[in-house]
*Asks:* 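Have a look at the structure that comes next, please.
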Amino acid sequence: KIYLSLPSAISLLQSESLVVCDVAEDLVEKLRKFRFRKETNNAAIIMKIDKDKQLVVLDEEHEGISPDELKDELPERQPRYPSCAAGICSYSLLEAVQNVQKKTFIVYSYKYQHDDGRVSYPLCFIFSSPVGCKPEQQMMYAGSKNKLVQTAELTKVFEIRNTEDLTEEWLREKLGFFH
């Protein structure tokens with residue numbers, strides 16, 4: 001038997017040769033069309049993994065969305081507190097489900113104004129990977145990330161651990177490394 005720490009297991013899963021989930025065919029087509037869109041506003045495709053089908057699928061689409069608005073659309077763990085009555089505290093099933101942190105894949109078309117006045121529209125891949133997700137979910141998303149990046153032919157790949165970090169300033173800083 002071989003035992004790996006969780007970070008080592010995730011690193012292994014992030015290797016380019018491992019694919020846990022395929023990308024749904026309709027999503028592949030949507031990403032291709034998104035790459036060649038003519039609109040000049042910010043737009044996002046938010047994706048998730050359908051665990052039962054083991055496919056990366058479309059979750060939501062947004063047009064004219066700023067990084068701050070996008071942040072508000074992402075799933076994040078909401079703290080839930082037990083219901084207490086007569087000194088007895090319990091969590092409802094709904095509260096337990098809502099307390100699970102969710103990982104998300106995002107492809108974001110961003111109107112980037114360069115310091116010299118030029119405008120470009122980079123496609124950014126953002127992997128939202130909140131701390132505290134279940135190890136099974138971490139491995140499934142980490143193992144599928146490279147396949148999705150390759151399928152969508154993306155080169156600007158970023159990861160956030162806290163959705164609050166997704167701001168215009170953060171994105172401009174990340175994109176500054178490419179110019």
Side-chain angles (χ1 to χ4, degrees), residues 10 13-14 16 18-78 98 100-114 119-131 133-134 136-179:
I10 290 173
L13 287 170
Q14 288 177 329
E16 293 191 26
L18 179 67
V19 175
V20 173
C21 297
D22 283 324
V23 182
E25 286 301 317
D26 59 334
L27 179 57
V28 171
E29 181 61 21
K30 184 168 288 296
L31 289 168
R32 189 189 66 72
K33 287 180 180 176
F34 192 69
R35 169 179 287 290
F36 297 109
R37 65 193 286 273
K38 301 290 184 214
E39 294 81 5
T40 58
N41 61 337
N42 296 341
I45 293 178
I46 300 175
M47 297 153 285
K48 64 182 180 182
I49 289 181
D50 181 324
K51 201 166 114 177
D52 296 331
K53 295 179 183 175
Q54 292 200 338
L55 281 175
V56 179
V57 297
L58 176 68
D59 189 19
E60 299 175 14
E61 292 180 85
H62 298 277
E63 286 286 336
I65 188 167
S66 72
D68 287 324
E69 293 167 330
L70 179 59
K71 168 179 54 181
D72 294 338
E73 295 297 324
L74 298 181
E76 178 66 89
R77 186 175 95 178
Q78 299 298 319
Q98 289 174 331
V100 174
Q101 292 186 343
K102 299 196 172 132
K103 293 183 174 291
T104 306
F105 298 126
I106 304 143
V107 175
Y108 188 51
S109 176
Y110 176 66
K111 183 176 182 178
Y112 182 63
Q113 182 84 35
H114 298 263
V119 176
S120 63
Y121 300 90
L123 276 184
C124 306
F125 179 84
I126 303 169
F127 177 35
S128 173
S129 175
V131 175
C133 291
K134 295 179 190 176
E136 174 190 358
Q137 187 186 33
Q138 288 178 343
M139 292 171 61
M140 190 175 251
Y141 273 80
S144 303
K145 179 179 129 183
N146 287 333
K147 173 69 172 177
L148 182 55
V149 167
Q150 290 169 355
T151 299
E153 300 176 13
L154 299 166
T155 57
K156 294 164 181 66
V157 179
F158 312 119
E159 182 173 341
I160 56 172
R161 303 289 281 168
N162 180 349
T163 56
E164 291 303 311
D165 293 341
L166 181 57
T167 63
E168 186 125 15
E169 179 182 336
W170 175 86
L171 187 56
R172 290 187 59 77
E173 179 184 313
K174 294 292 184 185
L175 289 171
F177 290 113
F178 290 94
H179 297 84

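Values in this document were obtained by computation on a predicted structure and should not be read as measured data.
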*Asks:* Between Lys145 and Val157, does a side-chain contact (heavy atoms from CB on, under 4.5 Å) hold up when you go through it step by step?
*Replies:* CA-CA 10 Å; Lys145 179 179 129 183; Val157 179; 4.3 Å; yes
*Asks:* Enter the distance from Leu166:CG to Lys71:NZ here, rounded to the nearest 0.5 Å.
*Replies:*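 Spacing of CG (Leu166) from NZ (Lys71) equals 7.0 Å.
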*Asks:* Can you tell me how far apart CG (Leu70) and CG (Leu171) are? Round to the nearest 0.5 Å.
*Replies:*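 Reported value, rounded in 0.5 Å steps: 9.5 Å.
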*Asks:* Side chains of Leu154 and Arg35: closer than 4.5 Å at any heavy-atom pair?
*Replies:*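 A side-chain contact under 4.5 Å exists here.
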*Asks:* Compute the centroid of each ring, for Phe105 and then for Phe127, and state whether the two points are separated by less than 6.0 Å.
*Replies:*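 Yes.
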*Asks:* Could you work out, with side chain to side chain donor-acceptor pair (under 3.5 Å) as the rule, every residue matching Glu60, not counting sequence neighbours?
*Replies:*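 Per chain and number, Glu60 pairs via side chain to side chain donor-acceptor pair (under 3.5 Å) with His62.
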*Asks:* Above 12 or not: heavy atoms from other molecules or residues under 6.0 Å from CD of Gln113?
*Replies:*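 Counting neighbours around CD of Gln113, more than 12 heavy atoms of other residues, nucleotides or ligands fall under 6.0 Å, so yes.
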*Asks:* Students often mix this up, so state it plainly: with edges at 30° and 60°, are the rings of Tyr110 and Tyr112 parallel, tilted or perpendicular?
*Replies:*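 Aromatic pair Tyr110/Tyr112 classed tilted.
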*Asks:* State the NZ-SG distance between Lys53 and Cys21, to the nearest 0.5 angstrom.
*Replies:*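 Rounded to the nearest 0.5 Å, the NZ-SG separation comes out at 12.5 Å.
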*Asks:* Looking at Ser128 and Thr163, what are the two nearest heavy atoms and their distance?
*Replies:*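 Closest approach of Ser128 to Thr163, heavy atoms only: OG-CG2, 3.7 Å.
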*Asks:* Kindly indicate, with the supporting measurements, whether the criterion side-chain contact (heavy atoms from CB on, under 4.5 Å) is fulfilled by Ile49 and Val20.
*Replies:* CA-CA 10 Å; Ile49 289 181; Val20 173; over 6 Å; no
*Asks:* Hey, what do you get for CZ (Arg172) to NE2 (His114), rounding to the nearest 0.5 Å?
*Replies:*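 Answer for the CZ-NE2 pair, Arg172 versus His114, is 8.5 Å.
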*Asks:* Heavy atoms only: give me the nearest Phe125-Val107 pair and the separation to one decimal.
*Replies:*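 Scanning both residues completely, I find the closest heavy atoms to be CD1-CG2, 4.1 Å.
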*Asks:* What's the verdict on side-chain contact (heavy atoms from CB on, under 4.5 Å) for Lys156 and Leu123, showing C-alpha distance, side-chain angles and the deciding distance?
*Replies:* CA-CA 7 Å; Lys156 294 164 181 66; Leu123 276 184; over 6 Å; no
*Asks:* What closest approach, in Å, do Met140 and Ser144 show between heavy atoms, and which atom pair accounts for it?
*Replies:*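 Between these two residues, the closest heavy atoms are O-OG, 2.8 Å.
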*Asks:* What's the separation between atom OG1 in Thr104 and atom CE in Met47, rounded to the nearest 0.5 Å?
*Replies:*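 So the gap between those two atoms works out to 9.5 Å.
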*Asks:* Under 4.0 Å between a side-chain nitrogen and a carboxylate oxygen: does that hold for Arg32 and Glu29?
*Replies:*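 Yes, charged N to carboxylate O under 4.0 Å.
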*Asks:* Shortest non-hydrogen contact from Asp68 to Thr167?
*Replies:*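 Heavy atoms only, the tightest pair is OD1-CA, 3.8 Å.
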*Asks:* I'd like to check the side chain to side chain contact (heavy atoms under 4.5 Å, CB included) partners of Arg37; sequence neighbours left out, ordered by chain and number.
*Replies:*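 Counting only residues at least two positions away or on another chain, Arg37 forms a side chain to side chain contact (heavy atoms under 4.5 Å, CB included) with Phe34, Glu39, Asn41, Ala43, Glu63, Ser109.
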*Asks:* How far apart are the closest heavy atoms of Lys174 and Phe158, and which atoms are they?
*Replies:*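 Looking at all heavy atoms of both residues, the shortest contact is CB-CE2, 3.5 Å.
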*Asks:* Rounded to the nearest 0.5 Å, how far apart are CG of Asn162 and CG of Leu74?
*Replies:*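 Here the rounded value is 11.0 Å.
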*Asks:* Give the C-alpha distance, both sets of side-chain angles, the deciding distance and a yes or no for side-chain contact (heavy atoms from CB on, under 4.5 Å) between Leu27 and Thr151.
*Replies:* CA-CA 10 Å; Leu27 179 57; Thr151 299; over 6 Å; no
*Asks:* Would you name the heavy atoms of Glu159 and Trp170 that are closest together and state the gap between them?
*Replies:*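 Looking at all heavy atoms of both residues, the closest pair is O-CZ2, 4.0 Å.
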*Asks:* Not counting sequence neighbours, which residues clear side chain to side chain contact (heavy atoms under 4.5 Å, CB included) with Asp72? List them please.
*Replies:*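 Residues passing side chain to side chain contact (heavy atoms under 4.5 Å, CB included) with Asp72: none at all.
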*Asks:* Got a donor-acceptor contact below 3.5 angstrom from the Asn42 side chain to the Lys111 backbone?
*Replies:*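 Confirmed, Asn42 side chain pairs with Lys111 backbone.
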